[in-house]
Amino acid sequence: MTTSNDGSSKLWGGRFSGETNDLVERFNASIDFDRRLYREDIAGSLAHAAMLAAQGIIPAEDLSLITGGLTEILTEIEHGQFEFRLDREDIHLNIEAALIERVGDAGRRLHTARSRNDQVATDTRLFVRAACDETMNWLRELRSVLIDLAQREAETVIPGYTHLQRAQPILLAHHLLAYEAMLTRDTQRFAQARARANVLPLGSGALAGVTYPIDRRAVAGALGFDAISENSLDAVSDRDFVVDYHSAAALTMVHLSRMAEEIVLWTSAEFAFARLDDAFSTGSSIMPQKKNPDVAELVRGKSARAIGNLVQGLTLLKGQPLAYNKDNQEDKESLFDSVDTLLICLQVVSAMLPTLTFDRARGASAAVANFALATDFADYLAKKGVPFRDAHEAIGSLVAKCEREGRTFEDLTLEDYRAAHPAFEADVLSIDLASSLAARDIPGGTAPRAVAQARDAARTRLEAEKQ
Ligand code: ARG
């Protein structure tokens, strides 16, 4: 990075005679991170210049020089041949100054009817829009992985939990599809974030609008924006669309973190429902036997960043008077971090999930252990006309008796059941894991038929979204 601290060389240097303090130059500059917006910045300038020429604000010859120069700069940046300069502060001034070096006065006309304030807002919106699209693609990939896994493990049973206490048997597929449901809502949130971001601020000038006969709708059309902003003060200072991205990202990361926590639990010796593939676990440098779920733990840990970035984005805005303030330069690193964090987590979880192997026998035995069929016995009595509260009490005392005697439901005879409640008949002996699952055959329930329907519906919904 080159530095040349000569105030007069700056594109805004006209009214300055003194040089910028070295520390201030470093403090003020954002080029180290906002260079990432080069594509958006060039796209915005190309659309702006084309509009200026079409409106007769700059000559057609200037447009072709500007277009040629910006296209060369784009290629140079993409080939790592562009020299980013700290003394040129940010991505906007770096590109504009390089353009002027190339094409002279035509380049000096590019900034007509524009301010860096509406320029950076435009670039950031273009960035967020693309980030939403990429995020939604990876969310859909992960949803498809979950649906496939639900199909592969269609018959796998695990205990369902409340309060992390074994509660009732469920299909693993049902559990997996619960995450698919969360990620479907996340996808919707990114679609909404995209729609709100997709509004053109350019044309707002520094804050009050511009004095030239510009055509904002033409620029919006060229850049694929759905609409133009309605208030110039809001347009240059609004970063709600960044907060929208953070907010959707933080919640998605919370969902991934919950899933990661389940993987940590399931692959522990205590649960032992699943095994990690070597490719997705790591060893310990001291304990030779260890196989650690680092990937899942990192996903859980990285959710903290996304939550922190959301808080940073909100806090950044809260004290700002209208309109643009330099505070807003601080929106970018956290935005980039949220996007990068979320995308890598979505990818790594999508890759890891199919490599899990489930211990189906262990899942099934754990699913019925600890009196997990108790509700089914209470429901049995209720269906024979016993008020549910009485049925609950009778089964509760039966569980207590079994616990005292070191027995399980499977050890009980018809006489034992009838001693607990006279409404029990011989068919009570057919209550088992399969009957417990099959009985929950309502939309949204864990019966194999209901889960297969939910899985197929999820797949149809996903395919429709991809159209
Ligand atoms: N680098 C600045 C940012 O990220 C660009 C806008 C600066 N505008 C200004 N008037 N200083 O917000």
Side-chain angles (χ1 to χ4, degrees), residues 1 3 5 7 9-16 18-21 23-45 48 73 77 82 84-100 110-131 197 199-211 229 232-243 245-246 309 312-339:
M1 185 102 37
T3 345
N5 192 5
S9 74
K10 293 196 165 14
L11 285 176
W12 43 255
R15 62 104 67 221
F16 287 78
E19 292 179 358
T20 313
N21 174 291
L23 200 52
V24 170
E25 182 138 289
R26 271 199 291 137
F27 187 63
N28 200 35
S30 52
I31 187 62
D32 279 345
F33 49 88
D34 69 12
R35 55 204 278 178
R36 188 162 165 179
L37 295 174
Y38 73 87
R39 253 188 254 109
E40 289 78 6
D41 196 70
I42 289 174
S45 289
H48 179 66
I73 290 171
I77 297 178
F82 186 84
F84 290 103
R85 289 175 46 168
L86 190 78
D87 61 314
R88 288 177 175 172
E89 200 174 319
D90 59 20
I91 187 62
H92 324 294
L93 296 179
N94 265 269
I95 289 175
E96 193 184 335
L99 179 69
I100 290 168
L110 171 62
H111 211 53
T112 312
R114 187 176 77 170
S115 152
R116 266 190 297 158
N117 298 350
D118 55 354
Q119 187 179 356
V120 69
T122 303
D123 294 2
T124 311
R125 282 176 181 268
L126 287 172
F127 179 87
V128 167
R129 184 178 76 189
V199 175
L200 175 79
L202 208 61
S204 302
L207 75 164
V210 300
T211 57
S229 57
S232 60
L233 298 171
D234 179 46
V236 293
S237 60
D238 171 34
R239 295 294 182 275
D240 294 358
F241 63 96
V242 173
V243 174
Y245 187 92
H246 282 310
N309 289 338
Q312 188 267 355
L314 288 166
T315 314
L316 180 64
L317 295 180
K318 76 174 265 295
Q320 287 193 46
L322 285 174
Y324 175 85
N325 301 282
K326 188 79 170 218
D327 309 44
N328 286 336
Q329 182 164 289
E330 291 290 312
D331 65 354
K332 290 173 198 62
E333 286 163 289
S334 51
L335 172 63
F336 298 155
D337 185 60
S338 274
V339 174

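Both counts, for ligands and for their atoms, begin at 1 and track the order of listing. Computation of the quantities below employed the complete heavy-atom set of this structure, encompassing side-chain atoms and omitting hydrogens, waters and symmetry-equivalent molecules.
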What residues form a side-chain hydrogen bond (donor to acceptor under 3.5 Å, both in side chains) with Thr122, not counting sequence neighbours?
-> none

In a simple table, one pair per line, please give the protein and ligand 1 atom names for every N or O pair closer than 3.5 Å, along with the distance.
{"unit_1": "ligand 1", "atom_1": "1 (N)", "unit_2": "Ser30", "atom_2": "OG", "d": "3.4"}
{"unit_1": "ligand 1", "atom_1": "1 (N)", "unit_2": "Asp90", "atom_2": "OD2", "d": "2.9"}
{"unit_1": "ligand 1", "atom_1": "1 (N)", "unit_2": "Gln329", "atom_2": "OE1", "d": "2.7"}
{"unit_1": "ligand 1", "atom_1": "4 (O)", "unit_2": "Lys332", "atom_2": "NZ", "d": "2.6"}
{"unit_1": "ligand 1", "atom_1": "8 (N)", "unit_2": "Asn117", "atom_2": "OD1", "d": "2.9"}
{"unit_1": "ligand 1", "atom_1": "10 (N)", "unit_2": "Asn117", "atom_2": "OD1", "d": "3.1"}
{"unit_1": "ligand 1", "atom_1": "12 (O)", "unit_2": "Tyr324", "atom_2": "OH", "d": "2.4"}

NZ/NE/NH1/NH2 to OD/OE distance under 4.0 Å, Asp90 and Arg116 = yes

For Ala98, enumerate each residue passing the side-chain contact (heavy atoms from CB on, under 4.5 Å) test, keeping only those at least two apart in sequence or located in another chain.
-> Ile73, Phe82

In a check of side-chain contact (heavy atoms from CB on, under 4.5 Å) between Tyr324 and each of Leu233, Asp238, Asn117, Asp118, which one passes?
-> Asn117

Looking only at heavy atoms, which two atoms of Asp34 and Ile31 are closest? And how far apart?
-> OD1-CA, 3.3 Å

So the salt bridge (charged side-chain N to carboxylate O under 4.0 Å, His left out) pairs with at least one residue in residues 317-328 (sequence neighbours excluded) are Glu89-Lys326

